[in-house]
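One structure is given here, and the rest of the page talks about it.
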Amino acid sequence: MQVGAAGLAYRGRTASIGFVHGPFVRVDVDTKDARVAGTLVEEALALRNAIDVASRQIADLAAIAGGEAAQILEFQVALLDDEDFLEAIFAAIGDGDAADVAWRSALDGQIADYDSAEDEYLKARSSDLADLRDRVINILQGGEGQAPRIPGGAVVCADDLPPSRFLEIDWSAGGGLALLRGSPTSHVAMLARARGIPMVVQLGTIPEIGATALLDGEGATLELDPSAEQLRLFEARRESHRKSRASARAILRRPTASWRGERIKLLINIQSVVDLAHADAQYADGIGLMRTEFLLTDRGGLPDEEAQFGAYDAVLRWADRRPVTIRTFDAGGDKPVSGFTRDDEANPFLGVRGLRLCLARPEIFAVQLRALARAAVRGNLKVMFPMVTSADELEAGRKLFADTVQRLQAEGVAAMLPELGIMVEVPAAALAIATFKAAFFSIGSNDLAQYVLACDRSNGALAPLMDPLHPAVLELIARTAEHGRRAGVSVSLCGDMASDPRCLPALLNCGLRELSVNASALAQIKQTIDRLSSGGGLG
Ligand code: PEP
Ligand code: MG
């Protein structure tokens with residue numbers, strides 16, 4: 001899209017907000033000529049060596065990056081250690097394939113599987129695999145696999161950028177990321193958000209050249225070689241963003257939010273420890289929802305008890321005495337997990353998912369319950385079950401959990417049963433709320449709206465109908481809040497509408513006093529409550 005005499009502007013999707021004006025640098029991987037293959041033995045040795053070198057490089061990167069970034073790289077290391085996976089590749093070399101050909105075709109197969117997934121989260125995993133494929137091939141072709149030199153503060157542009165390449169770039173002088181493809185749910189997007197690096201994805205085709213660029217992570221635009229007028233407008237947007245962030249963040253530092261004299265608790269939703277790196281997370285009253293499906297899909301398999309315990313314990317340590325609500329695996333529907341969810345269902349959204357699936361696969365559920373029971377003694381942990389329809393399911397889950405605690409204690413392992421609550425996201429649960437003996441309720445308005453309105457939440461064509469402010473949805477929210485008030489049981493809402501300032505008046509009027517929002521929305525929601533309290537509008 002031509003927008004001015006001098007500069008070209010492109011629009012994509014926001015992956016991480018913020019503004020960058022800097023040199024424009026393309027970092028696409030160059031394709032070298034195919035290598036000359038050796039004998040079968042030479043090819044097998046070349047691949048083994050390339051895998052060892054790649055493993056060492058990734059381990060070094062993980063050691064420097066630490067934390068959640070290191071966990072992301074573990075996915076690649078795990079694949080390089082997976083002898084079953086490698087066996088087939090060495091067999092192909094035994095059948096006469098060159099090392100790079102055998103490696104590429106195995107990785108391309110896996111990448112295609114991830115790419116064809118409907119779930120955007122799974123799709124995004126394919127860039128991790130493409131990164132690994134290219135790293136090993138680069139080593140086989142005699143490359144060093146090292147990062148290109150990038151000037152500080154640059155707008156780095158690539159087709160897609162895998163996490164390991166992101167971590168190799170020195171972001172200490174700032175800079176931003178503009179991807180032609182990519183996804184806001186990819187690991188690299190999570191890393192960019194955690195480090196405050198502005199990032200725009202899905203920009204489409206743009207020219208190879210450009211000396212300077214303006215990247216606007218909020219408006220999701222990239223402008224190349226901008227005119228003076230483009231630069232002036234960009235700086236005005238940057239300044240207004242800075243001012244509104246500064247005033248929202250000043251409010252964030254105040255201890256509590258209140259509305260009509262009542263305290264409003266604001267907690268945050270996280271998928272992993274990486275989300276806690278968000279600068280605003282520290283101001284939350286706790287974690288209102290930790291989704292644990294991230295653990296299932298990230299490592300290419302079902303995580304063992306220690307890996308899970310480590311993740312839960314890290315969040316509890318971060319929270320100190322603040323409450324942390326962890327939701328048990330909510331796989332199925334829009335979150336398929338290979339080896340766990342069923343792939344023979346005509347309608348997975350109405351299928352064996354959430355708690356239904358966990359109860360059907362007790363051998364997998366028990367591992368999570370063990371990790372949670374052990375974590376419960378380390379902090380203020382609450383656990384909730386997703387997709388609960390009937391009180392019997394809650395009781396079946398509670399029994400499994402209690403048995404798990406007993407077994408752990410009999411083994412001499414410190415463990416306890418945490419407070420147990422449920423997500424209210426199936427209309428039947430909201431309507432029959434009084435039948436549940438739960439310690440707390442958390443309304444999942446994303447699914448509640450989907451089921452009440454009969455609109456698949458992932459179907460963009462239904463977006464105008466998929467309105468969480470529909471009176472039928474609000475009626476069920478108000479009903480749940482009213483039951484909680486009468487029964488003295490806390491009720492919060494952790495669906496996306498809690499992060500949307502436009503929904504706030506309706507949610508407060510429904511009687512909710514506890515909301516769990518995305519960390520990036522915390523300041524704005526607190527500011528909106530402040531405005532509503534002082535009689536102002538939404539601003
Ligand atoms: C919800 O359904 O509102 C919710 C918070 O859970 P998820 O979006 O993970 O289904
Ligand atoms: Mg849900």
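Ligands are counted one by one from 1 in listed order, and the atoms in each one are counted from 1 as well. What you see below is based on every heavy atom in this structure, not just the backbone, and it leaves out hydrogens, waters and symmetry mates.
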* To do: Applying salt bridge (charged side-chain N to carboxylate O under 4.0 Å, His left out), run through Arg353 and Glu293 and close with a yes or a no.
  => CA-CA 12 Å; Arg353 56 170 301 198; Glu293 302 78 58; over 6 Å; no

* Decide side-chain contact (heavy atoms from CB on, under 4.5 Å) for Leu355 and Phe329; before the verdict, give the C-alpha distance in whole Å, the side-chain angles of both, and the deciding distance to 0.1 Å. => CA-CA 7 Å; Leu355 180 62; Phe329 296 139; over 6 Å; no

* **Evaluation steps, salt bridge (charged side-chain N to carboxylate O under 4.0 Å, His left out), between Glu482 and Arg479** => CA-CA 5 Å; Glu482 172 58 19; Arg479 191 187 172 101; over 6 Å; no

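For the side-chain contact (heavy atoms from CB on, under 4.5 Å) test, residues two or more places apart in sequence or in another chain that qualify with Ala415 are Ala373, Leu408. With sequence neighbours excluded, the residues that form a side-chain contact (heavy atoms from CB on, under 4.5 Å) with Asp392 are Ser390.
Atom OG in Ser445 sits 12.0 Å away from atom CG in Leu476 (nearest 0.5 Å).
Ion pair Asp313/Arg378 flagged as a salt bridge, since at least one NZ, NE, NH1 or NH2 atom sits closer than 4.0 Å to an Asp/Glu carboxylate oxygen.
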Under 3.5 Å: N or O atoms of ligand 1 paired with protein N or O:
residue: ligand 1; atom: 2 (O); partner: Glu425; partner atom: OE1; Å: 3.1
residue: ligand 1; atom: 2 (O); partner: Asp447; partner atom: N; Å: 3.1
residue: ligand 1; atom: 2 (O); partner: Asp447; partner atom: OD2; Å: 3.1
residue: ligand 1; atom: 3 (O); partner: Gly444; partner atom: O; Å: 3.4
residue: ligand 1; atom: 3 (O); partner: Ser445; partner atom: N; Å: 3.1
residue: ligand 1; atom: 3 (O); partner: Asn446; partner atom: N; Å: 2.8
residue: ligand 1; atom: 3 (O); partner: Asn446; partner atom: ND2; Å: 3.3
residue: ligand 1; atom: 6 (O); partner: Arg327; partner atom: NH1; Å: 2.9
residue: ligand 1; atom: 8 (O); partner: Arg291; partner atom: NH2; Å: 3.0
residue: ligand 1; atom: 8 (O); partner: Asn446; partner atom: ND2; Å: 2.9
residue: ligand 1; atom: 8 (O); partner: Arg457; partner atom: NH2; Å: 2.7
residue: ligand 1; atom: 9 (O); partner: Arg291; partner atom: NE; Å: 2.7
residue: ligand 1; atom: 9 (O); partner: Arg291; partner atom: NH2; Å: 3.3
residue: ligand 1; atom: 9 (O); partner: Arg327; partner atom: NH1; Å: 3.2
residue: ligand 1; atom: 9 (O); partner: Arg327; partner atom: NH2; Å: 2.9
residue: ligand 1; atom: 9 (O); partner: Lys335; partner atom: NZ; Å: 2.9
residue: ligand 1; atom: 10 (O); partner: Lys335; partner atom: NZ; Å: 3.2
residue: ligand 1; atom: 10 (O); partner: Asp447; partner atom: OD2; Å: 3.0
residue: ligand 1; atom: 10 (O); partner: Arg457; partner atom: NH1; Å: 2.9

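Arg322 forms a cation-pi arrangement with Trp318, by the criterion of a distance under 6.0 Å to the ring centre and an angle within 45° of the ring axis.
Excluding waters, the set of protein N/O/S atoms under 2.8 Å from the Mg ion (ligand 2) reads Glu425 OE1, Asp447 OD2.
Note: Phe441 and Phe436 have perpendicular aromatic rings, judged against thresholds of 30 and 60 degrees for the angle between ring planes.
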